[in-house]
Amino acid sequence: MDANSQQIKATYKPKVFNNSESFIEGWYWVILSNDLGIGEIKPITLLGRELAIYRGQDKQVVICDAYCPHMGAHLSEGIVEGNELRCAFHHWKFNADGICVEIPCLEEPLSLKLKTWPTIEKYGIIWIWTGEIPRESLPFVPELEFQEWESVLGSRFVMNCHPHIMMLNAIDTQYFQAVQTLDIGFEKQELNPNAIIFSKYKRQNHDLLFKKIFRPLYKNPIYSICYWYGSTFTLTVGTDLRRCYVMLALRLIEGERVEVQTIFFTKKRKGLHGWLFNHFMLWLSNSLVQELINDERKILQTMQFNLKTPIKVDQSIMQLINHVELQKPLTWKSWLLARSPTVGRSPSSDTEIKENQTKWRDELTND
């Protein structure tokens, strides 16, 4: 029997992966920057939670909980005054930090604070951190981290599957081998506790000597995927001279569906030739993503994912599932911690889960 076809015994059943009742704490895209003007306020619902978003006169974006802490009026019905938000019902006013700065019927406002959320504006998109303090940076293309780049927003679409299922397709070694007839595998690398990279390399035996001699001359793998916070991921494809960079920002929406915003990147180049080349690469990136999505859209939207019989060739998929399981899960709508090691669980069950996680992870990495 081929070693790649041997079955792996999965001893740990994932609790977070492909679970529509929870999501991973991290950065999520909210709306496009151009969709929010100065002095404008809008209602939004993200990962089940109702929020209000506005842009002050200083052009800074503020995202807060939707309802006024006084009587629960929806703050999107209010108005923006300078960089502050005034509720439409009793005209209580809150600053950009959520602190109540004025109550018209009182000489001094009450000591209370409206819940606000960490916000960043980048790539033409407004992002929100779903926890208290951001632990890691906004998702980026690792290869472009220390380079100048340009980006352009691509299409937005919805698919009838969980975000995690859509993520798996980019590292499905069995798909590449059985459907695309490419003999490839993936190397795994953890960028930080919240981001994991899978890089593609050839696996033919006759290529081993070539790799040993010439691989150090290639700065980057021909295919690389970086997953952030169990949601957003970047895809890098091509040779060192012609590379496509794509970010797919995913978020779970009602009905166990995923809403996707695509962003395309290219290295910054000068002059007319650089401009033409960049736009060609952006067009090429868009074509690549559309082809990948259209190829698997029907299958992904009708499948009921349940990896009961993993085999060796599924190792990268199981490594990603394990990575997601180690993230901090929050509950849909409430954004509270989905599970706690000290609540509703005995010390013995904690030990058992940790042992199962370790055993499961060890079995995944055995050749």
Side-chain angles (χ1 to χ4, degrees), residues 15-33 35-36 40-56 60-78 80 85 87-89 92 94-100 112-122 125-136 138-139 156 158-164 166 194 228-232 248-261 324 327-340 343:
K15 302 295 184 183
V16 179
F17 186 86
N18 194 31
N19 184 350
S20 61
E21 296 180 359
S22 64
F23 62 96
I24 304 302
E25 179 187 71
W27 288 106
Y28 290 83
W29 74 278
V30 183
I31 60 174
L32 304 188
S33 294
D35 289 343
L36 188 68
E40 189 174 9
I41 183 168
K42 290 185 174 184
I44 53 173
T45 300
L46 184 71
L47 301 167
R49 192 181 186 102
E50 293 185 69
L51 305 165
I53 181 172
Y54 74 91
R55 191 188 297 276
Q60 298 301 306
V61 174
V62 177
I63 300 178
C64 61
D65 279 353
Y67 298 100
C68 180
H70 180 216
M71 284 193 179
H74 203 295
L75 292 169
S76 67
E77 302 294 335
V80 179
L85 173 61
C87 177
F89 196 24
W92 289 26
F94 304 87
N95 66 15
D97 294 321
I99 298 173
C100 183
L112 58 86
K113 187 179 185 297
L114 172 69
K115 176 62 182 176
T116 59
W117 300 91
T119 306
I120 288 181
E121 199 164 0
K122 198 170 185 179
I125 289 177
I126 296 169
W127 303 75
I128 184 174
W129 175 265
T130 55
E132 295 298 323
I133 300 175
R135 294 186 294 170
E136 297 291 348
L138 193 71
R156 185 191 312 175
V158 174
M159 292 184 66
N160 294 324
C161 67
H162 192 282
H164 293 161
M166 184 175 177
N194 300 118
W228 298 82
Y229 310 110
S231 58
T232 296
L248 290 91
L250 315 181
R251 62 184 182 191
L252 182 66
I253 58 176
E254 293 284 356
E256 297 187 24
R257 298 176 298 159
V258 56
E259 187 171 11
V260 185
Q261 174 64 57
V324 171
Q327 305 301 302
K328 182 179 179 181
L330 303 179
T331 303
W332 175 268
K333 191 175 182 178
S334 73
W335 293 17
L336 298 175
L337 188 63
R339 63 179 183 222
S340 171
V343 178

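Since we're looking at a predicted model, the values are computed, not measured.
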Colleague: When you compare the side chain of R156 with that of L32, does any pair of heavy atoms fall below 4.5 Å?
Modeller: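 They are in side-chain contact.
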Colleague: If the threshold is 4.0 Å, N to carboxylate O, is there a salt bridge linking K113 and D97?
Modeller: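 Not counted as a salt bridge, because no side-chain N and carboxylate O are separated by less than 4.0 Å.
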Colleague: As a test of understanding, state which of T130, V324, N194 forms a side-chain contact (heavy atoms from CB on, under 4.5 Å) with Y229.
Modeller: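 Output: one option passes, namely N194.
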Colleague: Taking the side chain as every heavy atom from C-beta outward, state whether L75 and L85 have any pair of such atoms under 4.5 Å apart.
Modeller: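 A side-chain contact exists here, since the closest heavy-atom pair is under 4.5 Å.
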Colleague: Could you check V62 against V80 for side-chain contact (heavy atoms from CB on, under 4.5 Å), going step by step and ending with a plain yes or no?
Modeller: CA-CA 11 Å; V62 177; V80 179; over 6 Å; no
Colleague: Quick check: do V30 and I125 have side-chain heavy atoms less than 4.5 Å from each other?
Modeller: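 A side-chain contact under 4.5 Å is absent here.
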Colleague: Please step through side-chain contact (heavy atoms from CB on, under 4.5 Å) for the pair S33 and R55, ending with a clear verdict.
Modeller: CA-CA 10 Å; S33 294; R55 191 188 297 276; 4.3 Å; yes
Colleague: Say whether, by atom type as modelled, one donor and one acceptor occur between the side chain of R49 and the main chain of S334 under 3.5 angstrom.
Modeller: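 Yes.
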Colleague: Heavy-atom distance under 4.5 Å between the side chains of F94 and P69, does that happen here?
Modeller: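 SC-SC contact between F94 and P69 confirmed.
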Colleague: Ring-plane angle category for W92 and H70, please: parallel below 30°, perpendicular beyond 60°, tilted otherwise.
Modeller: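 Parallel, since the angle between the ring planes stays under 30°.
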Colleague: Is the side chain of K42 donor-acceptor paired with the backbone N or O of D35 at a distance under 3.5 Å, no angle test?
Modeller: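 Yes; at least one donor-acceptor contact below 3.5 Å.
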Colleague: How close do A73 and F89 get, heavy atom to heavy atom, and via which atoms?
Modeller: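 Looking at all heavy atoms of both residues, the shortest contact is CB-CB, 3.8 Å.
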Colleague: I need the single residue from V258, N18, L250 that forms a side-chain contact (heavy atoms from CB on, under 4.5 Å) with H162. Which is it?
Modeller: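 Going through the options one by one, the only one that passes is N18.
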Colleague: Pick one: which of W129, W117, W127 meets ring-ring contact (aromatic ring centres under 6.0 Å, His included) with W27?
Modeller: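 The single option meeting the ring-ring contact (aromatic ring centres under 6.0 Å, His included) with W27 is W129.
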Colleague: Specify whether F17 and H164 have parallel, tilted or perpendicular ring planes, treating 30° as the upper limit for parallel and 60° as the lower limit for perpendicular.
Modeller: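 Taking H164 first and then F17, their aromatic rings lie parallel (interplane angle under 30°).
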Colleague: With the threshold set at 4.0 Å, does a side-chain nitrogen-carboxylate oxygen contact exist between K115 and E132?
Modeller: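 Salt bridge present between K115 and E132.
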Colleague: Around atom CD of E21, are there more than 12 heavy atoms of other residues, nucleotides or ligands at under 6.0 Å?
Modeller: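 No, because the 6.0 Å sphere around CD of E21 holds 12 heavy atoms or fewer from other groups.
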Colleague: Tell me whether E259 at atom CD has more than 12 heavy atoms from other residues, nucleotides or ligands lying less than 6.0 Å away.
Modeller: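 For E259, atom CD is crowded (more than 12 foreign heavy atoms under 6.0 Å).
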Colleague: Side chains of I53 and I128: does their closest heavy-atom pair fall under 4.5 Å?
Modeller: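 The answer is no; the side chains never approach within 4.5 Å.
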